[in-house]
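Following: one structure in structure tokens, then a few remarks.
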Amino acid sequence: MASNILVTGANGDIGRSVVNQALAQGKRVFATVRNKAHCETFEPHNELSFILMHLDDADSIRSAYSQIDKRLAGQALDGVIHCAAIQSPACVEFMKPEHLEQTLRVNTIGSLLVMQQAFSRLRISGGNLVIASSIWGFVTGPALCPYAASKWALEALIRSAQCETKGMGFHICAANIGAVQSRMLHAHVDSIDQMLADGDAEMHELYEACFQRHAAMVRKFNSLATSADNVGLKLLGIIDRSKPSRNYTIGIDAHVMRFLNWLLPRSALDKVLSG
């Protein structure tokens, strides 16, 4: 069982749930947040340490791991649960390149740096690296391009790393998570409305109906959304496994989507995802 764990993105709903449940299980938790104000939203706990970390800053990630090493004082880091990510909808035709670049820098390159720093430490402890991915790591739809592209690329990184590190004594696990009852889910719909409000007349004319259908579909997903606490509990269950699987699917909608992705031709699946 993992005793000393790192949880990234502790200020998010899933990350917060992982932190609180890990502490309840008696684990020592190093939780990364983007700013000090996030620390004040947690109840103080002797086994909880906060580390400032920005996924779009390689030096920040290296510094975070170095701080953890110092605080462990020779003990091993025996588990990492990587939850941190950003999501912001965009229309491919009107998307600014820097929008996609920033999402990739955080969700993909940032995740790569988190993984790279974890490998040498987990080789020592024989622990697990659990990466919170998404159903949008194997399907996509309207307004989802930046996020889905970052998660598809992340899935490729994970699968390559799983092949490359086989037999090294630690495990890398991807968790494809469906809709979660969280601020991110509601923010996604709000961001679509804001994107349409900020867009020009041409974008409205061409894409408003498509994006409104997608927003309606996301709202329907909310009825199937699993709780952040349930997701957190499952991620902690993975990190404590001695022989975990490489991939996990979390959430009813995620299981349904994986089945439809296997069953339906691409044109039919695209129709479903377009609302």
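We find the NZ-OG distance between Lys70 and Ser66 to be 7.0 Å, quoted to the nearest 0.5 Å. Taken to the nearest 0.5 Å, the CG atom of Leu157 stands 5.5 Å off from the CE atom of Met115. Distance check: Met168 CE to Ser120 OG gives 11.5 Å after rounding to the nearest 0.5 Å. The CG atom of Leu129 sits 7.5 Å away from atom CZ of Phe170, with the distance rounded to the nearest 0.5 Å. Here the NZ-CD1 distance, from Lys166 to Ile172, works out to 13.0 Å after rounding to the nearest 0.5 Å. Rounded to the nearest 0.5 angstrom, Trp262 CH2 and Leu269 CG are separated by 13.5 Å.
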Side-chain donor-acceptor pairs under 3.5 Å in residues 88-98, sequence neighbours left out?
residue : atom : partner : partner atom : Å
Ser88   : OG   : His99   : NE2          : 3.3
Glu93   : OE1  : Tyr207  : OH           : 2.5

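At distances below 3.5 Å, not a single donor-acceptor pair connects side-chain atoms of Gln117 with backbone N or O atoms of Arg62. Proximity of a side-chain donor or acceptor of Ser63 to a complementary backbone N or O of Asp59 within less than 3.5 Å is not detected. Without hydrogens or angle criteria, Ser134 side chain to Asn176 main chain gives no donor-acceptor distance under 3.5 Å. Thr108 places a side-chain N or O within 3.5 Å of a backbone atom of Ser150 that can act as its donor or acceptor partner. At distances below 3.5 Å, at least one donor-acceptor pair connects side-chain atoms of Asn35 with backbone N or O atoms of Ala37. Between the side chain of Thr226 and the backbone N or O of Gly251, no donor-acceptor pair lies under 3.5 Å. Looking only at distances, no side-chain donor or acceptor of Ser125 sits under 3.5 Å from a matching main-chain atom of Ala76.
A pairwise comparison of heavy atoms in Leu122 and Asp78 identifies CD2-C, 4.0 Å as the closest pair. Nearest heavy atoms, Gly15 versus Val7: O-CG1, 3.9 Å. Looking at every heavy atom in both residues, Ala10 comes nearest to Val33 through CB-CG1, 4.1 Å. Minimum heavy-atom separation, Val19 to Ala31: CG2-CB, 3.9 Å. Here the shortest heavy-atom pairing between Trp136 and Lys151 reads O-CB, 3.8 Å. Heavy-atom minimum distance, His54 versus Ile61: O-CG1, 3.8 Å.
With sequence neighbours excluded, no residue satisfies salt bridge (charged side-chain N to carboxylate O under 4.0 Å, His left out) with Glu208. In this structure Phe42 satisfies the ring pair (Phe, Tyr, Trp, His ring centres under 6.0 Å) test together with Phe50, sequence neighbours excluded. Shown here are the ring pair (Phe, Tyr, Trp, His ring centres under 6.0 Å) partners of Tyr248, two or more places apart in sequence or in another chain: there are none. Not a single salt bridge (charged side-chain N to carboxylate O under 4.0 Å, His left out) links Arg34 to another residue, sequence neighbours left out.
Grouping the Ile, Leu, Val, Met, Phe, Trp and Tyr side chains by contacts below 4.5 angstrom, directly or via other members, places Trp152 apart from Leu100. Linking ILVMFWY side-chain heavy atoms closer than 4.5 Å, directly or via other members, places Leu48 and Leu52 in a single hydrophobic cluster. When the side chains of ILVMFWY residues are joined at heavy-atom separations under 4.5 Å, either directly or via intervening members, Ile124 and Ile81 end up in two distinct hydrophobic clusters. Residues Val256 and Leu144 share a single hydrophobic cluster, defined by chaining ILVMFWY side chains whose heavy atoms lie under 4.5 Å apart. Residues Leu233 and Ile250 fall into different hydrophobic clusters, defined by Ile, Leu, Val, Met, Phe, Trp and Tyr side chains chained together at heavy-atom separations under 4.5 Å.
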Inset, instruction - Determine, stepwise, if the pair Leu72 / Arg28 fulfils side chain to side chain contact (heavy atoms under 4.5 Å, CB included). - result: CA-CA 10 Å; Leu72 283 171; Arg28 184 179 184 184; 4.0 Å; yes
Inset, instruction - Check step by step if salt bridge (Lys or Arg N to Asp or Glu O under 4.0 Å) holds for Arg159 and Glu155. - result: CA-CA 6 Å; Arg159 291 186 65 175; Glu155 291 286 331; over 6 Å; no
Legend entry - Worked check of side-chain hydrogen bond (donor to acceptor under 3.5 Å, both in side chains) between Thr249 and His255: CA-CA 6 Å; Thr249 304; His255 283 280; 4.8 Å; no
Inset, instruction - Just do the side chain to side chain contact (heavy atoms under 4.5 Å, CB included) check on Ile68 and Arg121 with the steps written out, would you? - result: CA-CA 11 Å; Ile68 293 170; Arg121 293 165 173 86; over 6 Å; no
Legend entry - Trace of the side-chain hydrogen bond (donor to acceptor under 3.5 Å, both in side chains) decision for Glu164 with Ser160: CA-CA 6 Å; Glu164 293 165 357; Ser160 291; 5.0 Å; no
Legend entry - Test log, rule side chain to side chain contact (heavy atoms under 4.5 Å, CB included), inputs Glu43 and Leu23: CA-CA 11 Å; Glu43 292 292 330; Leu23 293 171; over 6 Å; no
Inset, instruction - Evaluate the side-chain hydrogen bond (donor to acceptor under 3.5 Å, both in side chains) criterion for residues Gln194 and Asp198: first the C-alpha distance (whole Å), next the side-chain angles of each, then the deciding distance (0.1 Å), finally the verdict. - result: CA-CA 6 Å; Gln194 190 62 49; Asp198 293 342; 2.9 Å; yes
Inset, instruction - List the steps, then state whether side chain to side chain contact (heavy atoms under 4.5 Å, CB included) holds for Asn11 with Thr41. - result: CA-CA 8 Å; Asn11 49 287; Thr41 64; over 6 Å; no
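Side-chain contact between Leu154 and Asn107 is absent, with no heavy-atom pair separated by less than 4.5 Å. The shortest distance between side-chain heavy atoms of Thr140 and Tyr147 does not fall below 4.5 Å. Between Leu235 and Cys83, some side-chain heavy-atom pair lies under the 4.5 Å cut-off. With a 4.5 Å cut-off on side-chain heavy atoms, Tyr65 and Ile51 do not count as touching. Counting heavy atoms from C-beta outward, Leu55 and His82 have side chains that approach closer than 4.5 Å.
Exactly one residue among Asn128, Val80, Val29 makes a side chain to side chain contact (heavy atoms under 4.5 Å, CB included) with Ile5. That residue is Val29.
Legend: salt bridge (Lys or Arg N to Asp or Glu O under 4.0 Å) pairs involving residues 223-249, not counting sequence neighbours, sorted by first then second residue: Lys27-Asp240.
Atom CD1 of Ile252 has 12 or fewer heavy atoms from other residues, nucleotides or ligands within 6.0 Å. Enclosure of atom CG in Asn46 is not indicated, since only 12 or fewer non-hydrogen atoms of other residues, nucleotides or ligands lie within 6.0 angstrom.
Ion pairing between Arg16 and Asp13 fails under the 4.0 Å rule for side-chain N and carboxylate O.
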